[in-house]
Amino acid sequence: MSDILAMTAVAARQALDNKSISAVELTEAYIKAGQDTAENNAYVLTTPDKAIDMAKASDARIAKGDAGLLEGIPIGVKDMFCTKGVETTASSRILKGFVPTYESTVTQNLWQDGAVMLGKINCDEFAMGSANETSAFGAVINPWTASDGPLKGKALTPGGSSGGSAAVMAARSALLAPGTDTGGSIRQPAAFCGLVGLKPTYGRCSRLGIVAFASSLDQAGPITRDVADCALMMTSMASYDKGDSTSIDAPMPDLMAALTKAKNEGVKGMRIGIPDEYTIDGMPEQIVTLWEQGRQWLEDAGATCVPVSLPHTKYALPAYYIIAPAEASSNLARYDGVRYGQRVDGATLDEMYAKTRGAGFGDEVKRRILIGTYVLSAGYYDAYYIKAQKIRRLIQNDFHQVFSGVDALLTPSTPSAAFALGEEDKDPVSMFLNDVFTVPANLAGIPAISVPAGLSSDGLPLGLQLIAPALREDTLIEGAAMLEKAAGFNHVASGAAS
Ligand code: GLN
């Protein structure tokens with residue numbers, strides 16, 4: 001592994017500022033790393049000329065002493081973010097050829113802070129999935145491979161929907177990667193690829209210019225190698241935006257200060273809840289052991305851990321799989337062959353709509369549209385959609401109640417390590433179970449982070465999740481920094497670029 005690719009974003013920022021490397025050198029190394037790891041199928045489009053131009057502009061600003069927070073840092077952008085002048089597909093055939101005339105607010109924030117765009121990254125189609133297998137561009141391969149056991153020698157999923165983003169981070173073919181998380185799509189891939197993934201409070205990052213999946217749940221957030229990079233990137237991504245009616249006008253706590261505090265003081269005085277209901281049937285022993293280990297690490301660093309109860313947790317997954325498809329069916333109505341991307345001609349307007357949507361959407365997206373229109377139909381609205389919304393409120397109330405007694409909650413990030421590609425795609429319900437620990441935070445709109453905490457018996461990364469009250473991303477950074485230090489996780493995947 002070349003030293004240049006081994007640097008975290010924070011380390012690269014220092015190296016750029018003290019001129020031991022240039023932004024062009026760093027960018028060239030990442031462009032090459034992308035080429036060297038192309039078999040992962042993580043980039044759907046690369047923009048090397050644009051990257052070099054942006055890196056040159058970064059070098060000029062650094063020379064003038066005018067560097068931004070992410071000056072010169074090469075980034076891979078999940079194809080859910082609209083990028084002005086660069087094709088944006090949400091990994092769907094229906095958006096093939098769609099070139100946005102505008103930039104998403106989140107990516108605009110990153111460019112404004114000096115980041116360099118390497119290209120667009122594969123994901124599940126419209127971010128629907130947990131294995132990055134629903135993409136029109138084909139599956140993404142996890143750079144991690146099993147060292148032992150039945151998975152040895154098999155191509156593994158990087159998780160989903162931000163599977164490509166996690167894969168480029170683990171393969172070291174991007175230095176930072178923004179993801180989107182509607183039910184776990186930042187945290188689950190981060191856990192499967194040995195990375196840090198943060199879903200911020202709903203409204204922290206503007207949704208303007210992000211392809212909509214389920215608008216009341218969608219949030220953008222960082223996928224990074226370590227907690228310090230996460231704090232840095234989150235600071236850049238978040239902003240109040242009048243263009244998103246649900247954007248929050250509240251200052252982000254100083255996340256770099258939270259990091260320093262954790263380094264100096266540990267998590268002394270922090271109260272951590274261990275929710276009873278996150279112990280699920282059939283959970284592998286090694287996940288239970290890791291969770292217990294995490295509790296011990298936090299206590300050793302000065303926290304007090306207490307059991308808590310979130311009684312409605314078991315309804316979170318069913319409620320999510322009603323609300324998310326309902327919103328998706330409405331959001332996806334706009335892809336009609338007139339306004340965006342692909343069109344398949346028909347004899348009548350209705351036939352053109354039907355043929356365009358029939359050819360343009362993949363099976364998982366069609367399944368969600370069918371479920372969504374069904375639960376919103378006049379006969380079933382009260383029985384399904386309204387009931388799911390009531391459950392959502394109960395889940396929010398559960399969190400509200402426990403946060404009167406604890407600062408954060410500790411849970412596993414996922415019920416398993418990465419699985420083999422093609423293993424679960426025949427059974428949509430078993431795929432849905434991947435989200436069992438991540439979905440509640442989206443329903444409640446509260447922030448949650450996944451931190452790499454250890455390896456499974458066959459050498460694959462496992463993550464621990466911390467969940468905090470709304471607007472307390474600083475608590476997550478403090479706790480995550482502590483877990484990271486205790487776990488001493490080695491971040492280099494076997495298939496990383498060298
Ligand atoms: N796996 C979940 C789903 O398919 C979550 C996806 C996401 O967070 N975008 O809905």
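Numbering starts at 1 and runs along the sequence shown. As the structure lists them, so they are numbered: ligands from 1, and atoms in each ligand from 1.
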Inset, instruction - Only counting residues at least two apart or in another chain, list the ones meeting ring pair (Phe, Tyr, Trp, His ring centres under 6.0 Å) with Phe403. - result: none
Inset, instruction - Please name all residues satisfying ring pair (Phe, Tyr, Trp, His ring centres under 6.0 Å) with Tyr335, sequence neighbours left out, ordered by chain then number. - result: Phe126, Tyr340
Inset, instruction - Apply salt bridge (charged side-chain N to carboxylate O under 4.0 Å, His left out) to Arg472 and Asp474, showing your working. - result: CA-CA 5 Å; Arg472 295 312 302 266; Asp474 53 337; 3.0 Å; yes
Inset, instruction - Please list all pairs passing the ring pair (Phe, Tyr, Trp, His ring centres under 6.0 Å) test where one or both residues lie in residues 170-210, with sequence neighbours left out. - result: Phe192-Phe419
Inset, instruction - Indicate yes or no for a side-chain donor-acceptor contact from Ser162 to the backbone of Ser185 under 3.5 Å, with no hydrogens or angles considered. - result: yes
Inset, instruction - Can you tell me which residues line ligand 1 if we count any heavy atom under 4.0 angstrom from one of its atoms, in chain and number order? - result: Ala127, Met128, Gly129, Ser130, Ser161, Asp181, Thr182, Gly183, Gly184, Ser185, Phe213, Tyr320, Tyr321, Arg368, Asp435
Inset, instruction - Indicate whether the side chain of Ser91 and that of Asn122 have a donor and an acceptor atom separated by less than 3.5 Å. - result: yes
